[in-house]
J.: 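Just dropping this structure here.
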Amino acid sequence: MKVILINPSSSRYSLCRALPLGLCYLAAVANEIAEHTELIDAMQTEVKTSEEIYKYIIEHYSQDDTIVFGFSLHFLNLSAYYELLCLLKAVYIHSYFIVGGTYISQLCDHSFDSLGDVDVIMRGAGELPLKQILQRCAINSKNFTDIPNIIWKKDGTYIVNELREDILLKHTEITPYRPANIQQIYGNSELSILTSRGCPGGCTYCIVSGIYKGHWYQREAIDIIREAEIAMQNQVYTIGFFVDDCFLTNKARALVICDLWHKKIHIPFYFAARVCDILQLSKEEIQFLHACGCFRIEVGFESFSSSVLKRYGKGVTAEQNQEAIFRIREAKIDIHADIILWDYEVTVEELMVTLKRLHDNRLFTTIHMLQKLVPMSGTPIYKKYRKLDILFEREGVWDYSFKIPTIQMAYNAVMEYKSRFYERIQRDEKLIYTHNRSMYLPKDIVKGRLLIENLHAISYRFLIKILEEGQIEYVEFALATAAKELNNIEI
């Protein structure tokens, strides 16, 4: 039995590269049982399209092989997944087809027809269910009755097994599969480690709280360090990333992890955190993080409008967001700001407040103006939008038009600007390199900061002027002005 785990290509281009860590943990489980395991990440490898992945598999695997195909799905790669599934199903008739991922985990109350003819749908943490599924597949059994957290097909009918959010394998039993070819593809030498699952928050747009029912499961500090030490034996890494939106929720654990990392691993690191968790740290504790090697914190601000923050269920105010910025920068730590600028109900005033706060705070680490709230199935926002009857499907994703015509006009202009922005980035390899490296490597932060600020200052000026003018006739002029500024960017 062979296992092929696939991350299908996204419908949207991304400048940033990130290791498909979830699949790496699953691949480690598969390695214990299967005679051969391969991980194909179409997001960044040379094999990108569904047709290219299909041709690659056909060339390397016999049609008579028993293969377990596993697909990781999110809301951006559904179309590519379905196309690839249809191609593979027509040829590998003796194989098993499994899908999982955050998108799938919230579909339990909805139709599964859009997923195609698959054998198993996995929800939530996948390591233990995958291990049990592969053990059955190894003996040609398709009886998955007692395996939790899956939905499986029996005689053409979907059977929904028990859903448990606490069935995590102890990570002391898993050393993630980090193949050399995948590491070379990503090139940024980033050691990513999953340090917890779930979230105690209740953001109205977030799929994680729905999957884990508001629970948060944390790994022990010594376990995280052990995994890092094993990884460092096989590969040279220059930075670490703790994959954990709630890294600071248990601040005692976080401080121990950082201390051990500094003493044993000796490379700088960054992580994500919620504003409420940042504010529970003292000035001395934040400075301790920096002393241990923390060079950046990714913060889910989402907005600087208090009305939007309330709508999103963030549990913090715009003033608290501002205080978090002050405390982080006082400790000389860089900030990567996550912002959701657009949602169905957003007003011009709310947009302007956030844009101006971003500009005043010089938060230029991502293209904030392009981020639109995606109502993912099962979330409170999704249920609200369904009740308003505003959703329609586009490329396998729920989409909507904006409530206010001026907002729709501005968003359409931003989408056109987006294509011009990426055209400028993509036609200059040095610009791509500098942009990417400044996002990840501490030594390149100063070098890349001016580039990032220039790029995104153009973005802010562009959108603010369109909102101020409020006329469709102004858009083409604004686009031409922004395009000229982008062309004049120097590295």
Side-chain angles (χ1 to χ4, degrees), residues 3-7 14-34 36-48 56 60 70 72 126-127 130 169-197 219-244 247 257-272 292-296 298 336 432-445 448:
V3 175
I4 303 177
L5 300 176
I6 304 171
N7 185 28
S14 173
L15 289 172
C16 303
R17 298 181 172 190
L19 188 72
L21 188 58
L23 286 182
C24 291
Y25 283 104
L26 293 175
V29 172
N31 267 339
E32 297 177 358
I33 301 169
H36 172 81
T37 300
E38 180 165 2
L39 193 160
I40 300 175
D41 180 19
M43 294 296 291
Q44 303 297 342
T45 65
E46 294 301 317
V47 183
K48 290 184 178 297
Y56 171 83
H60 292 82
S72 177
E127 288 90 354
L130 179 62
L169 273 179
K170 292 181 179 179
H171 279 81
T172 50
E173 303 172 13
I174 304 175
T175 301
Y177 178 66
R178 303 177 189 269
N181 65 314
I182 290 289
Q183 294 292 341
Q184 292 168 5
I185 287 165
Y186 292 93
N188 56 33
S189 298
E190 177 181 290
L191 173 55
S192 302
I193 296 183
L194 183 68
T195 57
S196 80
R197 279 191 169 122
R219 294 176 63 186
E220 295 295 328
I222 194 65
D223 183 22
I224 295 165
I225 300 303
R226 181 201 68 89
E227 181 180 318
E229 289 175 327
I230 293 172
M232 295 286 283
Q233 292 172 5
N234 303 310
Q235 173 80 17
V236 176
Y237 295 96
T238 55
I239 59 171
F241 174 41
F242 302 134
V243 183
D244 185 348
F247 185 73
I257 292 171
C258 294
D259 186 38
L260 290 174
W261 187 276
H262 176 62
K263 292 175 179 176
K264 294 176 175 289
I265 308 302
H266 312 299
I267 58 175
F269 60 88
Y270 71 107
F271 56 83
C292 288
C294 175
F295 68 93
R296 171 180 288 132
E298 181 178 350
H336 178 117
I432 295 176
Y433 176 84
T434 307
H435 184 283
N436 284 344
R437 301 285 280 194
S438 69
M439 295 287 283
Y440 290 106
L441 299 186
K443 66 181 181 180
D444 289 325
I445 285 179

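Since the structure is predicted, the reported quantities are computational estimates derived from the model, not experimental observations.
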J.: What residues, two or more places apart in sequence or in another chain, satisfy ring pair (Phe, Tyr, Trp, His ring centres under 6.0 Å) together with F242?
T.: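 F242 satisfies ring pair (Phe, Tyr, Trp, His ring centres under 6.0 Å) with F247, W261, F269 only.
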J.: Minimum heavy-atom separation for I267 to T238, with atom names?
T.: CB-O, 3.7 Å
J.: According to ring pair (Phe, Tyr, Trp, His ring centres under 6.0 Å), who are the partners of H60, at least two apart in sequence or on a separate chain?
T.: Y56
J.: Heavy atoms only: give me the nearest L23-S72 pair and the separation to one decimal.
T.: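 L23 and S72 have their closest heavy atoms at CD2-CB, 3.9 Å.
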J.: Could you check if a side-chain atom of R226 sits within less than 4.5 angstrom of a side-chain atom of D223, using non-hydrogen atoms only?
T.: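 In contact.
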J.: Could you tell me which non-hydrogen atom of E127 sits nearest to which non-hydrogen atom of L26, and how far apart they are?
T.: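 Looking at all heavy atoms of both residues, the shortest contact is N-CD2, 3.7 Å.
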J.: One pair to check against side-chain contact (heavy atoms from CB on, under 4.5 Å): R219 and E227. What are the steps and the verdict?
T.: CA-CA 11 Å; R219 294 176 63 186; E227 181 180 318; 3.0 Å; yes
J.: Starting at OH of Y270, measure out to CZ of F295 and round the result to the nearest 0.5 Å.
T.: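 Between Y270 OH and F295 CZ, I get 6.5 Å after rounding to 0.5 Å.
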J.: Does the distance from a Lys or Arg side-chain N to an Asp or Glu carboxylate O, for E190 and R296, drop under 4.0 Å?
T.: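 A salt bridge is absent here (no side-chain N lies under 4.0 Å from a carboxylate O).
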J.: In Å, rounded to the nearest 0.5 Å, how long is the span from CG of L194 to CG of D244?
T.: 7.5 Å
J.: Counting only heavy atoms not in E220, do more than 12 fall under 6.0 Å of its CD?
T.: no
J.: Quick one: pull up CG in D259 and CD1 in I225 and give me the separation to the nearest 0.5 Å.
T.: 9.5 Å
